[in-house]
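All remarks here apply to the structure that follows.
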Amino acid sequence: MGDQPQRLLATLEAAWTALTDAYAGLPDAALLKPDVVDDWSVKDILAHVTTWEQEALEHLPLIIAGGTPPRYAAQGGIDAFNARATQDGRRRSLAEVLRRRDQTHARLVEFIRSQPAGTFGGRTRARRRLRLDTYGHYPEHTAAIRAWREHLPA
Ligand code: NI
């Protein structure tokens, strides 16, 4: 492992911690409340974030190998993909969503660690895809949870 993954992992973990801090301490019932963003609950958001980490894990090996993953347009577009994934998430219990969150994130970190130095260099397609699916994605949802939480009754 080279030094580049260490900095990348620090960036990833800082964004991840900000996300987990945003809902830390909320009771389970609050995690299930809709309307954090549109009709999504925190649970829906976490399932969504996990879906995109899974997408990164699925497609990064091909991108690293120089290939091009299938476009979401072929599946009806990103919005349709997200809507299907949200429905899938709603069929899972909160406990399962949280377990998948932890397992998927751990797999992602392990995957990054396992790659040779330079794999995620600044201008690589692999870095761009990783950013879009993970530490560039979490903050949008972190901010939404924080804004919602400020208006929760104490
Ligand atoms: Ni999102």
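Atoms within each ligand, like the ligands themselves, are counted from 1 in listed order.
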Neighbouring protein N, O or S atoms of the Ni ion (ligand 1) [cut-off: under 2.8 Å, no waters]: His48 NE2, His137 NE2, His141 NE2
Ring geometry between His137 and His48 (parallel below 30°, tilted from 30 to 60°, perpendicular above 60°): perpendicular
Side chain Asp88, main chain Ala85, donor-acceptor under 3.5 Å: no
Neighbour count >12 (heavy atoms, 6.0 Å) for atom CZ, Arg90: yes
Working for ring pair (Phe, Tyr, Trp, His ring centres under 6.0 Å), residues Phe81 and Trp52: CA-CA 11 Å; Phe81 175 87; Trp52 285 100; 5.2 Å; yes
Salt bridge (Lys or Arg N to Asp or Glu O under 4.0 Å) partners of Asp28, counting only residues at least two apart: none
Derivation of the side chain to side chain donor-acceptor pair (under 3.5 Å) call for Trp148 and Asp35: CA-CA 8 Å; Trp148 164 80; Asp35 308 329; over 6 Å; no
